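Given the structure is predicted, the values throughout are model-derived calculations rather than measurements.
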Amino acid sequence: MRFTTRPKEIQEFVSPCKLIQFNLRQCVSGLFPDADVHSIRVQPCDPKFGDYQTNALMGLAKSKGLNPRKLAGDVVARLDLSGICESVEVAGAGFLNFRLSKARLAETLSEANRGEHLFFDRENVGRSIIVDFSSPNVAKPMHVGHIRSTGIGDALQRTFRLLGHSVITDNHIGDWGTQFGKLLLGWKEMLDRSALATDAIAELERLYKVINAQCDADAGRLEAARAELVKLQAGDPENLGIWREMVSLSQVQFDALYSRLGVRFDKALGESFYNPFLAGVVADLLACGMARESAGAVAVFSDGQLPPREDPFLVNKEGEWVDDPALIRKSDGGYNYMTTDLATLDYRISQWSPSEIIYVVDDRQTSHFKKLFSIYRRWKPEQAKTVRLVHVGFGKIMGDDGRPFRTRSGDTVRLRDLLDEAQERARKLVDAKSPELAEDQRAEIARVVGVGAVKYADLLPNRQSDYVFNWEKMLALQGNTAPYLMYAYARIRSIFRKLDSAWKPGELASLILNEPVEIALAGHLINFGLTLEAVAEEYRPNFLCNYLFELAGKFTSFYEQCPVLKAEDPQIRLSRLHLCELTARVLKTGLETLGIGVVEQM
RNA sequence: GCUCCCGUAGCUCAAAUGGAUAGAGCAGCGGAUUUCUAAUCCGCGGAUCUGGGUUCGAUUCCCGGCGGGGGCACCA
């Protein structure tokens, strides 16, 4: 597989914000040819100041030793934004506030109505990005923690694709490694076939727990498990057969959950796929002198090129910097996940030549990825130069007690149970709110609403922070939730269902924006692309959540204040219909980009 | 012991190179439905852990303290 080339029908959209920024940079360049124009940014701002704002001139003034307000005034005097802004003001300590002209705003919306764009640009120079996310383990249930990597990773890859970047998603399944020794032992000694048929994952989990406990208590059992693992890795037919069965049973579970979540992968090359490459990786690193034997194992050490503080292979112990190497082969000859990750990284780069690889994996592995990336750069400097390696980390899900989240019985909450519960709650509400809808329709609404609510709840917080798990929050159907956004969408669709005449978007020459709520809604719509770009740059889907929540809020304000179908003036009615249509399209596209569906009625 | 991350309203979370009067949701209280879906809207109260520093300006950057969590080679 290769990255696909981009479709020909490229959307071109230059947001007014970008246009202002471009003009401002030109203007500053004219005044100061040596200025770093790149740092000058124009951004959406609090509506009380205007539509867009820049604070960059204050920084510039400081570096030039100039009076910031005077500099701002000089810039404004030379800045020609006619046709874009109706006002440009110097404010506060030296801010520039831009207010978009109504004509420009209306024209931008009209372009969208004509189908020229949806307020975002499919970039001319796309990135080719491999997104590594989800990565569940074979023989273990997917639990609530998996929703983080899966949801964030999926939202990011959808964002990249929407913006025209090339993407390969790869699910690096944990299908190889130490745990299989214990699982094999359990399978051979105490497998309950009927339990396996009923709930394979539960039975595998039971086997693992029993053997694991035995191994903790008895070194002999641990040795027996290790022996099974060695046999597996040596290609013993019986163990391989059992292993394959465990993998395929797990795949059934993964498929069921991914299907419910609406997540798909281009590739699912698990750890086992890289097994044949591991010995070569270690041999290479030994040969080039990066790795050496240490206490019977093989490890990569510091090359002394970095200051100790920045060196991932050094750690400070009692005032002295000592080695903190990365293990790539265990003393028993087995390999660990650093080796697998190196082989994976090398394979991906040589096979697919991406410009970027992102790993959506929790923050606990930060130091692992620092080491991984560092080893690769030292190992294959030429290849490493062509690719940007990013660990997109995220925080943990915590319990009320401030410790990593578990149920009362001490287990983690299973993803399946969480989704079931969400759908049940949504179903109750649908039944209460819309009893007139058909049975199958209500079931479908409950499904989309329930799953959407859970996914949105996880995407909403800043990914870097830990968040406290709470059933009520996860399953909330009111407030800043997916159902709130879906509800706004459903209301719009309802308007169009009631529309007597046939509806053809794009018939309108120009939108009429008179009411403040109309202008606010329109002004927010055109920032969709800026938000998508921020998501793609910072790897933060929560920007899109917040954008959509605000959009739904602005729409609802408009909806409460401005009659659409009942507008007296037919031109205003038509204009508002177009505004509704655009809002619906952005809501739908935005939610889909988060991996969340919409419903026509609810 | 070393190291990384975190600490924002009663609770859960935001705050896009350091920006303007720090925003939401939930909970509480009070309102709105003969009007396109009340899973809605409007209103009220309430916050940056602590002490310094840098800056015109700090939730954001630096140092100390307190509190919580993670990671410290043969698990991933």
Side-chain angles (χ1 to χ4, degrees), chain A residues 38-41 43-46 48-49 53 55-56 58-59 61-62 68 91-95 97 135 137 174 176-179 271 294-299 315-319 322-332 334 336-338 340-341 362-368 393 395-396 398 402-404 426 429-430 432-434 449 460-462 464-468 470 472-473 476-481 483-484 486-488 490-499 530-531 533-534 537-538 540 542-543 545-546 549-550 553 556-557 559-561 563-567 580 601-602:
Chain A
H38 222 70
S39 63
I40 295 175
R41 301 225 309 230
Q43 294 169 332
C45 67
D46 192 318
K48 70 192 167 199
F49 298 124
Q53 172 250 84
N55 56 43
M58 291 181 280
K62 182 181 246 176
F95 297 92
N97 293 332
S135 312
N137 287 318
W176 201 248
T178 313
Q179 75 270 27
E271 292 171 351
S294 169
V298 175
V315 66
N316 193 310
K317 287 249 197 268
E318 278 142 33
V322 299
D323 285 322
D324 183 28
L327 215 65
I328 55 171
R329 193 174 75 199
K330 300 187 280 183
S331 52
D332 67 2
N336 60 8
Y337 79 135
M338 180 61 83
T340 311
D341 276 1
D362 76 90
D363 274 329
R364 279 175 294 198
Q365 300 196 32
T366 301
S367 66
H368 167 72
K396 295 174 297 299
M398 311 293 276
R403 292 183 301 125
L429 195 58
V430 178
K433 296 278 183 184
S434 308
V449 167
L460 185 58
N462 182 334
Q464 295 164 99
S465 42
D466 295 342
Y467 75 82
V468 175
N470 175 284
E472 298 309 318
K473 182 175 68 178
L477 306 173
Q478 285 156 2
N480 190 351
T481 63
Y484 175 82
M486 295 177 190
Y487 186 65
R491 282 172 136 184
I492 298 173
R493 299 307 305 153
S494 176
I495 289 174
F496 285 97
R497 272 197 304 279
K498 294 211 155 102
L499 193 57
L530 296 176
T531 306
E533 285 172 22
E537 269 170 40
E538 309 272 328
R540 284 179 50 182
N542 70 310
F543 289 160
C545 295
N546 289 325
F549 179 63
E550 278 177 42
T556 309
S557 299
Y559 182 88
E560 300 273 336
Q561 289 179 44
V564 179
L565 294 176
K566 289 173 185 169
C580 287
Q601 298 182 57
M602 60 189 283

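Checking A/Asn462 against A/Gln464 by side-chain atom types alone, a donor-acceptor pair falls below 3.5 Å.
Judged by distance alone, with hydrogens and angles left aside, the side-chain atoms of A/Asp323 form no donor-acceptor pair with the main-chain N or O of A/Pro325 at under 3.5 Å. For A/Ser465 (side chain) and A/Pro461 (main-chain N/O), no donor-acceptor pair under 3.5 Å exists by modelled atom type.
Checking B/rA20, B/rA16, B/rA14 against every side-chain atom of A/Ser465, the shortest atom distance belongs to B/rA14. Out of B/rA76, B/rU37, B/rA20, the shortest distance to the side chain of A/Ala91 is found at B/rA20. Nearest nucleotide to the side chain of A/Asn542, out of B/rA14, B/rU17, B/rG19: B/rA14. Set against B/rC74, B/rA20, B/rU17, the side chain of A/Ala56 has B/rU17 as its closest nucleotide. The side chain of A/Lys62 lies closest to B/rG18, out of B/rC13, B/rA76, B/rG18. Side-chain proximity of A/Ala93 to the nucleotides B/rC36, B/rG19, B/rC13 is greatest for B/rG19.
Residue A/Phe95 is the one, among A/Phe95 and A/Asp362, whose nearest nucleotide of RNA chain B lies closer to the 5' end (criterion: closest heavy atom).
A/Ser39 comes within 4.0 angstrom of a base, heavy atoms only. Within the 4.0 angstrom heavy-atom criterion, no nucleotide atom of any strand lies near A/Ser135. Contacts of A/Met338 with the nucleic acid, taken as non-hydrogen atoms under 4.0 Å apart, are absent. Within 4.0 Å (heavy atoms only), A/Glu550 reaches no atom of the nucleic acid at all. When heavy atoms are screened at a 4.0 angstrom cut-off, A/Phe49 is found touching base atoms of the nucleic acid. A/Pro461 comes within 4.0 angstrom of sugar-phosphate atoms only, judged by non-hydrogen atoms across all strands, and of no base. Counting non-hydrogen atoms under 4.0 angstrom, A/Asp46 reaches nothing in the nucleic acid. Among the protein residues, A/Ala476 comes within range of no part of the nucleic acid, since none of its heavy atoms lies under 4.0 Å from any strand. No contact: A/Gln179 has no heavy atom under 4.0 Å from any strand. Across all strands shown, A/Asn470 has no heavy atoms under 4.0 Å from either base or sugar-phosphate atoms.
Evaluation of A/Phe543 against the base of B/rA16 yields no stacking contact (centre distance < 5.5 Å, interplanar angle < 30° required).
For A/Lys498, the side-chain contact (heavy atoms from CB on, under 4.5 Å) criterion is met by A/Ser494, A/Leu565, not counting sequence neighbours. The ring-ring contact (aromatic ring centres under 6.0 Å, His included) test applied to A/Phe549 returns A/Tyr484, not counting sequence neighbours. Applying the salt bridge (charged side-chain N to carboxylate O under 4.0 Å, His left out) rule to A/Asp324 yields the partners A/Lys371; only residues at least two apart in sequence or on another chain are considered.
Between A/Ala61 and A/Pro68, the shortest heavy-atom contact is CB-CA, 3.5 Å. Residues A/Met602 and A/Ala490 come closest through the heavy atom pair CG-CB, 3.9 Å.
The interatomic distance linking A/Lys498 (NZ) with B/rU35 (P) rounds to 11 Å, in whole Å. Whole-Å rounding puts the A/Lys396 NZ to B/rC13 P distance at 12 Å. In this structure, the CG atom of A/Asp341 is 18 Å from the P atom of B/rA73, given to the nearest Å. Distance CG (A/Asn546) to C1' (B/rC13): 9 Å, rounded to an integer number of Å. The interatomic distance linking A/Gln53 (CD) with B/rA20 (C1') rounds to 8 Å, in whole Å. Remark: P of B/rU12 and CG of A/Asn480 are 17 Å apart, rounded to the nearest angstrom. One atom, CE of A/Met398, and another, P of B/rC6, lie 14 Å apart when rounded to the nearest Å. The CG-C1' distance, from A/Asn97 to B/rG19, rounds to 11 Å in whole Å.
Within the 4.0 Å cut-off from OP1 or OP2 of B/rA76, not a single side-chain nitrogen or oxygen of A/Thr340 is found. Contact check, A/Ser331 against B/rA73: no side-chain N or O comes under 4.0 Å of OP1 or OP2.
Side-chain contact between A/Asp363 and A/Lys396: absent, with no pair of heavy atoms (C-beta onward) separated by less than 4.5 Å.
Between the C1' atoms of B/rC61 and B/rG28, the separation comes to 38 Å (whole Å).
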Do any N or O atoms of the protein come closer than 3.5 Å to N or O atoms of nucleotides 1-5 of chain B, and which pairs are they?
residue	atom	partner	partner atom	Å
B/rG1	N2	A/Lys317	NZ	3.4
B/rC2	O4'	A/Asn316	O	3.3
B/rC2	O2'	A/Asn316	O	2.5
B/rC4	OP1	A/Arg309	NH2	3.0

Every protein N/O lying under 3.5 Å from an N/O of nucleotides 38-43 of chain B:
residue	atom	partner	partner atom	Å
B/rA38	OP2	A/Arg491	NH2	2.4
B/rA39	OP1	A/Tyr487	OH	3.3
B/rA39	OP2	A/Lys433	NZ	2.0
B/rU40	O2'	A/Arg491	NH1	3.2
B/rU40	O2'	A/Glu560	OE2	3.3
B/rC41	OP1	A/Tyr484	OH	2.7
B/rC41	O4'	A/Glu560	OE2	3.4

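Taking a pair as Watson-Crick or G-U wobble with both distances under 3.5 Å, the runs of three or more consecutive pairs in RNA chain B are B:1-7 with B:66-72, B:10-13 with B:23-26, B:28-32 with B:40-44, B:49-53 with B:61-65.
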